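Here the structure comes first, spelled out in structure tokens, and everything after it is commentary.
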Amino acid sequence: MPRPPLPALDAWRQLLGAENVLTDGAIPQRYCQDTSDSPQRPAAVLRVAAATQLPGLMRIAAEFRLAVHPISTGNNWGYGSALPTSDCVTLIDLGALQAILDFDPELGVVTVEPGVTQGMLADFLDRGGHDYMVPVTGAGPNCSVLANALERGYGITPHADHFSAVTDLEAVLADGSIHRSALAEAGSPELARLFKWGIGPYFTGLFSQSGFGIVTKMSIVLVRRPQCAKVCLFSLADDKLLEAAVQRVRRLLVELPGTLGGVNLMNRHRVLAMTAPYPDASQLDAHGLMPPDLVEQLGRAYQIAPWTGFATLYGRRSVVAAAQKEIRRAFKGVGSRLLFLSPRQAGWLTALARRLPGGMGERLGRSATTLNSSLELVQGRPNETALPLAYWRARLPQPAAGRNPAADGCGLLWYAPLIPMRPADVRRFVNFARHELPRLGMEPLITLTSQGDRLFDSTVPLLFDKRDSTASTAASTGLEHLIEAGRRLGFYPYRLHVQSQAAHLARQTENASVASRLRQALDPLDLIAPGRYAGRHPQDR
């Protein structure tokens, strides 16, 4: 891979300190690891200790026309981890910028730097006795709050769309200048943190899923932890009930805004991946996948229906109680085993499961532990409950805490298409996924997560044994096939792996033209994260 020229490296060493400019064999392995077979490696790594260093860093990059790629924690598992889009790019590691710069305990707005993780924010709120929820994701406590919002990540807490909760940010542009919002520049930084739209043109959105600048701080509105938080669990005893369930989910989301936080619909395969160990090779079919009769058998053993619903409820106890009645009424004749659980009740269930003997106790214990951890996420407390999925199919050993799928050798790619919340569209997508995924050597693990009352996002994990180079290549090829085949059916991802972004750019016409003109104005040398959703691919620079 091309290494930056010595004069550029010397200038960066003078600015950052020699120990923070890494090249060749001095680049730690963690910057090169991913849960895919992506071949690209950084040309160099620059570790930034203070945001004030970035303008000078970018002026040096501009002088020598060197492309850079900023990362926060580099834990973007399933989408590229810390990898840039090409070998010819220098990584800028912002993980040491871990300050919580401002917090308004009365209004619930926090301003964070890129290295602030979900876990750090949770600790800060707990230490101060601030009863607010962290915008959690399934990626775990060690992932950046700022970076997840920039990637338009989401969860199932009240602010499900994390970028929608962003009110203000500051970014360093390609020429080293600093972008601030109009209200902040007018001397009203507090108003900038409180009023998302500012005054005049709205520029904040330009920095989401783009390389238009390096964001150094971000203000986010937090949700106060409600008096009552519950989950609603329900089953669909027959796959044919899916369409009716989608209708009722959409109606409830319309009728219970603010109380019903979000709804997940998970197929049996997906729930088994959370509760049962992956079967040994003797139980798999000729393609190394779970045959339908085994899936059904395990479903009976673990009491898992063809579809499982998981919904979140927030509000005053009386409001949540009233919402429960509406949900029961809506799912009558469609949903079965309807159950509402508070965190305390989930804890009782876990304790009960531990006392049951034999296989039934073990199976119930697995399910109860997962449920209990999921309740913590619902309350805005980050944990690792979703991370074991990455280890499931390859049967990899995993630590009890501090899981890192990239470092631990997991094979994981995310296919995350958007699906209109219409019964017919959902069925078309499910049929598509069930047909295509096994053909690609993948278990059809399907989750449908509500994005408001009009869309589902389906986060489909492509799990494979990364130790098998053939399986790794097949997974990457399979992901591109799913993106293109899904596009032809009207489904397209909300977020892409770094390897998929070049193909995405090739599909753009008018959108790419507008992005290119913006890029030309803000970054004419195409320096910041080239090939990241907007701009030219690095190899075409």
Side-chain angles (χ1 to χ4, degrees), residues 48-55 58 70 72 94-137 143-155 157-173 176-210 212-226 258 314 380 382 522:
V48 173
T52 52
Q53 295 174 330
L54 276 169
M58 286 310 304
S72 296
L94 306 175
L97 307 185
Q98 298 177 353
I100 295 175
L101 299 168
D102 187 84
F103 178 65
D104 187 323
E106 185 174 359
L107 301 179
V109 182
V110 66
T111 302
V112 298
E113 288 190 314
V116 175
T117 65
Q118 295 178 34
M120 290 175 190
L121 181 55
D123 290 343
F124 169 83
L125 295 172
D126 287 345
R127 285 196 307 271
H130 306 302
D131 210 18
Y132 287 94
M133 304 170 73
V134 175
V136 294
T137 69
C143 294
S144 166
V145 174
L146 179 151
N148 179 260
L150 286 180
E151 279 290 330
R152 301 182 202 146
Y154 65 86
T157 51
H159 282 169
D161 177 350
H162 293 163
F163 191 73
S164 70
V166 174
T167 55
D168 193 34
L169 56 75
E170 189 170 296
V172 175
L173 304 183
S177 61
I178 298 175
H179 164 79
R180 298 182 180 90
S181 63
L183 283 175
E185 291 247 302
S188 302
E190 181 182 38
L191 293 181
R193 291 192 292 270
L194 296 176
F195 185 51
K196 177 184 184 80
W197 305 111
I199 185 170
Y202 177 71
F203 294 121
T204 302
L206 285 177
F207 299 95
S208 170
Q209 286 193 2
S210 80
F212 290 140
I214 301 174
V215 178
T216 56
K217 67 178 182 178
M218 175 185 286
S219 297
I220 302 172
V221 176
L222 303 179
V223 176
R224 191 178 291 276
R225 192 166 284 116
Y314 301 96
L522 295 173

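All values reported here derive from a predicted model rather than from experimental measurement.
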Any donor-acceptor pair under 3.5 Å from Tyr132 side chain to Val221 backbone: no

Quick check against the 3.5 Å criterion: does Ser144 have a side-chain atom that pairs as donor or acceptor with the backbone of Pro114? yes

In Å, rounded to the nearest 0.5 Å, how long is the span from [atom1] of [X] to [atom2] of [Y]?
X	Y	atom1	atom2	answer
Ile214	Ile178	CD1	CD1	11.5 Å
Leu206	Phe212	CG	CZ	6.0 Å
Ser210	Leu150	OG	CG	8.0 Å

Minimal non-hydrogen separation, [X] against [Y], with atom names:
X	Y	value
Pro135	Leu121	CD-CD2, 4.2 Å
Thr167	Ile220	OG1-N, 4.4 Å
Gly115	Gln98	O-CG, 3.7 Å
Gly155	His162	N-NE2, 3.6 Å
Ala184	Arg180	CB-CB, 4.4 Å
Phe103	Val110	CD1-CB, 3.8 Å

Can you name the residues that form a side chain to side chain contact (heavy atoms under 4.5 Å, CB included) with Ala122, not counting sequence neighbours? Val134, Pro382

Those residues at least two apart in sequence (or on a different chain) that pass side chain to side chain contact (heavy atoms under 4.5 Å, CB included) with Ser188 are Leu191

Given side-chain contact (heavy atoms from CB on, under 4.5 Å), test Leu94 with Leu54 step by step and report yes or no. CA-CA 10 Å; Leu94 306 175; Leu54 276 169; 4.0 Å; yes

Those residues at least two apart in sequence (or on a different chain) that pass salt bridge (charged side-chain N to carboxylate O under 4.0 Å, His left out) with Lys217 are Glu170

For [X], what residues pass the side chain to side chain donor-acceptor pair (under 3.5 Å) criterion, not counting sequence neighbours?
X	value
Tyr154	Asp457
Thr216	none
Ser219	Thr111
Arg152	Ser208, Gln209

Does any part of the side chain of Met133, heavy atoms only, come nearer than 4.5 Å to the side chain of Pro226, both counted from C-beta? yes

So do Leu183 and Asp168 actually touch side chain to side chain, heavy atoms under 4.5 Å? no

Once ring-ring contact (aromatic ring centres under 6.0 Å, His included) is applied, do any residues pair with His179, and if so which ones, sequence neighbours excluded? Phe207

Got a sec, which pairs hit salt bridge (charged side-chain N to carboxylate O under 4.0 Å, His left out) with one end in residues 94-114, sequence neighbours left out? Asp102-Arg193

Sequence neighbours excluded, every pair satisfying salt bridge (charged side-chain N to carboxylate O under 4.0 Å, His left out) that has a member inside residues 124-137: Asp126-Arg381, Asp131-Arg225

side-chain contact (heavy atoms from CB on, under 4.5 Å) between Thr157 and Val223, intermediate numbers included: CA-CA 9 Å; Thr157 51; Val223 176; over 6 Å; no

side-chain hydrogen bond (donor to acceptor under 3.5 Å, both in side chains): which pairs involve residues 114-125, sequence neighbours left out? Gln118-Thr137

Run the side-chain donor-acceptor check on residues 195-203: report pairs under 3.5 Å with partners two or more places apart or on a different chain.
| from | atom 1 | to | atom 2 | distance (Å) |
| --- | --- | --- | --- | --- |
| Lys196 | NZ | Phe163 | O | 3.4 |
| Lys196 | NZ | Ser164 | O | 3.3 |
| Lys196 | NZ | Val166 | O | 2.8 |

Glu190 atom CD: more than 12 heavy-atom contacts under 6.0 Å: no

